[in-house]
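What follows is a single structure, written as structure tokens, with notes after it.
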Amino acid sequence: MARKPRTEDPGTEDRTSPAARPPREAIVEALMRLAAEQPWHDIEITDIAREAGVSLSEFRDLFPSKGAVLGGFARMMDKAVLAGTTDDLADEPPRERLFDVLMRRLDAMAPYKTALRRIAFALRTDPLSLAALNGVALNSQRFMLAAAGISTEGPLGRVKLQGVVIAFARTMETWFEDDDPSLARTMARLDREIRNGERFMERAEDVRRLTAPFRALGRSLVERGSRRARRPREEADDDRLDRDPVAL
């Protein structure tokens with residue numbers, strides 16, 4: 001799958017001076033620097049605040065926890081990708097557009113690769129943290145799909161979103177180990193995951209169409225049962241009203 005060349009270099013930005021950034025971004029950058037150098041579970045919020053050059057009070061006002069800072073990082077990546085979104089691929093198939101958007105996300109994440117690899121390794125056995133991060137990823141991928149011109153509405157929208165989250169997470173596993181500047185292995189993995197996702201969604205849509213009559217029948221039976229349940233109560237109320245108008 002072809003890829004548009006990038007003119008920007010995400011690694012050239014100066015990320016070492018907390019004073020050069022707003023406090024929220026300074027905290028995110030501080031956490032990523034610390035995560036690249038020491039175990040995730042050893043990092044305290046006091047370490048992050050000190051590294052970012054903010055007080056604990058400022059930290060608490062911006063983020064409720066260390067994990068929430070990862071959500072802040074995800075939003076930074078969202079903004080980086082969305083700011084560079086163009087209509088250059090508007091006439092391309094959805095697969096090409098999504099591929100381009102997700103590779104631009106990896107470009108934005110490149111300066112933080114070491115930290116992200118260490119964080120992913122530390123959290124792989126923490127189901128509660130993974131569940132929380134999955135929610136963050138769902139929100140991010142909703143915007144990535146929007147940038148690719150792909151709808152996430154409708155009965156299969158949530159399935160589509162979760163599928164992209166899984167596909168991107170699997171691609172990141174390859175990206176973590178791909179030191180080739182061309183990222184050939186990463187691109188091949190992402191292309192494969194997107195194609196697999198397309199086939200899955202086609203099957204899911206087929207199943208949804210085939211089961212549509214049964215779902216309609218089920219709704220009809222539920223509505224009929226609800227009407228029957230209401231009728232005796234209404235008749236009882238009418239009977240009470242006939243006997244004693246004041247009773248109601």
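Remember, predicted model here, so these are calculated numbers, not experimental data.
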Student check: side-chain heavy atoms of L130 and T125 closer than 4.5 Å: no
For E92, which residues count as a side chain to side chain donor-acceptor pair (under 3.5 Å) partner, sequence neighbours excluded? none
R185: salt bridge (charged side-chain N to carboxylate O under 4.0 Å, His left out) partners, not counting sequence neighbours: none
Sequence neighbours excluded, which residues qualify as side chain to side chain donor-acceptor pair (under 3.5 Å) partners of D78? R105, S140
Non-hydrogen side-chain atoms of R192 and T171 separated by less than 4.5 Å: no
For the pair W175 and L190, evaluate side chain to side chain contact (heavy atoms under 4.5 Å, CB included) and give the outcome as yes or no after the intermediate values. CA-CA 10 Å; W175 178 67; L190 179 58; over 6 Å; no
Measure the spacing between CD of E29 and CD of E51 and express it to the nearest 0.5 Å. 10.5 Å
Got a second to check how far K66's NZ is from I119's CD1, nearest 0.5 Å? 9.0 Å
Taking the six-membered ring of F73 as reference, does the NZ or CZ atom of R75 fall below 6.0 Å from its centre and within a 45° cone about the axis? no
Should M32 and F121 be counted in the same cluster of Ile, Leu, Val, Met, Phe, Trp and Tyr side chains packed under 4.5 Å apart? no
Measuring from atom CZ of R124 to atom OG of S129, what distance do you get when rounded to the nearest 0.5 angstrom? 13.5 Å
Nearest heavy-atom neighbours spanning V54 and P23: CG1-CB, 4.3 Å
Are I166 and I194 grouped together when hydrophobic residues (ILVMFWY) are joined by side-chain heavy atoms under 4.5 angstrom apart? no
Evaluate the criterion salt bridge (Lys or Arg N to Asp or Glu O under 4.0 Å) for residue pair D47 and R50; output intermediate values, then yes/no. CA-CA 5 Å; D47 301 326; R50 186 182 309 110; 3.3 Å; yes
Value for CD1 (I45) from CD1 (I27), rounded to nearest 0.5 Å, stands at 10.5 Å
Heavy-atom pair of closest approach, residues L161 and L138: CD2-O, 3.7 Å
Would the distance check show the side chain of E58 and the main-chain N or O of S55 forming a donor-acceptor pair, the cut-off being under 3.5 Å? yes
Might you work through the side chain to side chain contact (heavy atoms under 4.5 Å, CB included) test for E37 and T114, ending with a clear yes or no? CA-CA 9 Å; E37 300 167 357; T114 299; over 6 Å; no
Least distance between heavy atoms, H41 atom then L123 atom: CE1-CD2, 4.4 Å
Please set out all donor-acceptor pairs under 3.5 angstrom arising from side-chain atoms of residues 141-156, sequence neighbours excluded.
residue: R142; atom: NH1; partner: N139; partner atom: OD1; Å: 3.0
residue: S151; atom: OG; partner: E153; partner atom: N; Å: 3.2

Between the side chains of D100 and R97, is the shortest nitrogen-to-carboxylate-oxygen separation below 4.0 Å, so that they form an ion pair? no
Calculate, to the nearest 0.5 Å, the distance between atoms CE and CD belonging to M76 and E25 respectively. 5.0 Å
Can you name the nearest heavy-atom pair linking A122 to W40, along with the distance? CB-CB, 3.7 Å
What pairs with R189 under salt bridge (charged side-chain N to carboxylate O under 4.0 Å, His left out), at least two apart in sequence or on another chain? E193
Can you name the residues that form a ring pair (Phe, Tyr, Trp, His ring centres under 6.0 Å) with F59, not counting sequence neighbours? none
Are M109 and M172 side-chain neighbours, meaning at least one heavy-atom pair lies under 4.5 Å? yes
If you measure from CG on L31 to CG on L70, what distance do you get to the nearest 0.5 Å? 5.5 Å
Determine, stepwise, if the pair M187 / D191 fulfils side chain to side chain contact (heavy atoms under 4.5 Å, CB included). CA-CA 6 Å; M187 289 193 293; D191 183 47; over 6 Å; no
Here the pair of heavy atoms bringing E177 nearest to R117 is OE2-NE, 4.3 Å
For residues L82 and V136: do they belong to one hydrophobic cluster (side chain heavy atoms under 4.5 Å, members Ile, Leu, Val, Met, Phe, Trp, Tyr)? no
Which atom of D178 lies closest to which atom of A184, heavy atoms considered: OD2-N, 3.8 Å
For the residue pair E44 and I48, establish whether any side-chain heavy-atom pair is separated by less than 4.5 Å. no
